[in-house]
Amino acid sequence: MLSRENDQAIHKGLASIEEGFDEGISQALTSLTDIGKGYLSERKELEAEMTVSSIKEIGRAAALKGMENAAVNAIRSLEKMLQCSMKQNMEGTTVRVLLSFGAIGKIAAEQQLEMVAKLAASVLGESGNTAALLNRERETIAVTIGLGEIGKAVVGTKFPDYSENAAICISCLGETGKLAAQKILEEAAIGAELMLEEMAAAAMQENLQSAAGSIATSIEEIGKSAEEEKMENAVFQAVSALQTIMSSSGNRYLNDASIAAKVALESFNEFDIINDEASIRKIEAVREMMRALWVNTK
């Protein structure tokens with residue numbers, strides 16, 4: 001019965017988007033949220049994840065159509081699901097919700113829906129702090145993926161008004177990464193560094209050297225926290241990312257960004273920068289795991 005209700009609700013939501021009928025979308029999201037919360041209370045995780053995917057699809061479709069209010073409502077519905085899944089300690093559903101924020105926020109940024117992208121990034125930032133403080137590494141990694149995907153889309157829009165959203169993504173990734181390092185969640189710390197590095201590459205492609213410089217500072221902060229906890233792999237990734245930013249920005253004559261990365265690199269005074277095969281393998285394993293998580297949520 002619940003499954004049939006789920007199918008009816010998503011059909012109504014998607015049809016209402018095609019018709020531009022806001023009230024129908026709102027009704028569908030309310031119905032899906034109630035269904036999902038029911039699944040969570042009964043600890044039916046697979047069914048709950050299916051409902052999260054339905055809400056995400058409505059949010060993505062609304063963002064693609066430029067329907068800002070509907071996309072915001074989808075994020076709000078996911079927030080309610082997130083509260084329940086975290087309270088029930090249902091990791092699979094929580095991860096899917098967090099990645100769904102990223103999926104909606106990414107499309108919103110690409111469609112120039114600034115408010116929607118900002119909301120998605122802000123919710124992820126708060127969730128990242130909570131997950132890291134609770135030592136929930138997989139959830140923290142999901143946050144870094146979502147923030148990184150939104151951030152890359154934001155810096156790729158070439159719209160100056162998006163500088164605030166870029167700053168939010170950079171700041172939230174840096175804070176989540178630092179907390180992860182302090183809580184000795186090495187894979188999550190590496191994940192934040194990887195997403196920041198990808199954001200830097202996108203920013204440099206658009207000659208946004210202020211953003212690239214801020215990213216270098218955030219990577220340095222994560223790396224220094226990792227260094228204090230003797231997490232060699234995370235330190236290695238920080239140094240490697242900073243080297244890449246310094247070199248790439250220098251090649252593009254983005255002097256301010258290159259200098260920022262160079263200054264950040266110099267803070268790792270005693271780190272011997274060599275090809276550490278073990279660290280490289282670890283970082284690639286984290287990268288592949290993150291890629292698989294993101295692909296599975298599309």
Side-chain angles (χ1 to χ4, degrees), residues 6 10 13-14 32 36 45-64 71 74-75 77-78 81-82 85-86 90-111 113 116-117 120-121 123-125 127-128 131-132 136-157 169 172-173 176-177 180 185-203 205 233 237 241 244 280-298:
N6 183 93
I10 188 171
L14 294 175
L32 285 167
E45 189 150 34
L46 288 176
E47 292 87 346
E49 289 180 21
M50 178 184 68
T51 307
V52 169
S53 294
S54 297
I55 296 171
K56 178 200 69 181
E57 284 309 307
I58 291 174
R60 290 175 77 248
L64 279 169
I75 290 173
S77 290
L78 287 169
M81 292 286 288
L82 180 66
S85 64
M86 290 195 74
M90 295 171 73
E91 183 185 79
T93 305
T94 299
V95 166
R96 189 167 291 268
V97 172
L98 294 169
L99 292 170
S100 296
F101 289 132
I104 296 171
K106 179 179 187 292
I107 291 177
E110 293 169 346
Q111 298 299 315
L113 300 179
V116 180
V123 171
L124 280 168
S127 302
R136 296 180 176 181
E137 185 159 34
R138 190 173 173 83
E139 294 169 16
T140 309
I141 290 169
V143 167
T144 67
I145 296 170
L147 282 169
E149 292 297 332
I150 295 171
K152 286 186 291 181
V154 165
V155 297
T157 59
C169 291
C172 289
L173 271 169
T176 296
L185 304 176
E186 186 169 48
E187 290 188 352
I190 291 171
E193 293 167 340
L194 286 170
M195 297 313 294
L196 283 165
E197 183 179 4
E198 291 184 16
M199 261 195 83
Q205 189 68 31
N233 297 320
Q237 171 55 26
T244 300
I280 291 171
R281 285 196 300 271
K282 175 65 176 178
I283 291 162
E284 285 307 307
V286 173
R287 193 193 307 274
E288 285 303 313
M289 176 265 290
M290 293 172 70
R291 186 176 294 128
L293 270 177
W294 179 245
V295 167
N296 287 339
T297 196
K298 288 184 179 178

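When reading the values below, keep in mind they use all heavy atoms of this one structure, side chains included, and skip hydrogens, waters and symmetry mates.
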_Could you measure the distance from the CD1 atom of I141 to the CE atom of M289? Nearest 0.5 Å is fine._
3.5 Å
Under 3.5 Å, sequence neighbours excluded: what are the donor-acceptor pairs made by side chains of residues 189-202?
residue	atom	partner	partner atom	Å
E197	OE1	Q237	NE2	2.8
E198	OE1	K152	NZ	2.7

*At what distance, to the nearest 0.5 angstrom, does NZ of K56 lie from OG1 of T51?*
12.5 Å
*When rounded to the nearest 0.5 angstrom, what distance separates CE in M81 from CE in M86?*
14.0 Å
*Side chains of V286 and N233: closer than 4.5 Å at any heavy-atom pair?*
no
*asked:* Can a donor-acceptor pair be found, under 3.5 Å and without considering hydrogens, that links the side chain of E45 to the backbone of T93?
replied: yes
*For the student: nearest non-hydrogen atoms of L82 and F101, plus distance*: CD2-CE1, 4.0 Å
*CD1 of I150 to CD of E110: how many Å apart, nearest 0.5 Å?*
10.5 Å
*Supply the atom-to-atom distance L99 CG to I104 CD1, rounded to the nearest 0.5 angstrom.*
11.5 Å
*Is it true that E187 and R138 make a salt bridge, defined as a side-chain N closer than 4.0 Å to a carboxylate O?*
no
*State the CG-OG distance between L98 and S85, to the nearest 0.5 angstrom.*
7.5 Å
*asked:* Using only atom types and a distance under 3.5 Å, with no angle test, would you say the side chain of E49 pairs donor to acceptor with the backbone of R96?
replied: no
*Exercise: identify the closest heavy-atom pair between Q111 and L64*: OE1-O, 3.7 Å
*Kindly give the heavy-atom pair with the smallest separation between A74 and I55, and that separation in Å.*
O-CG2, 3.6 Å
*asked:* Give me the atom names and distance for the closest heavy-atom approach of G13 to I58.
replied: CA-CD1, 4.0 Å
*Using the test side chain to side chain donor-acceptor pair (under 3.5 Å), find all partners of R287 that sit at least two apart in sequence or belong to another chain.*
E284
*Note, N6 side chain near S54 side chain (heavy atom, < 4.5 Å)*: yes
_Could you report the tightest heavy-atom contact between G128 and T176, atom names first, then the distance?_
CA-OG1, 3.7 Å
*Identify the heavy atoms of G105 and A117 that sit nearest to each other, and give their distance.*
O-CB, 3.9 Å
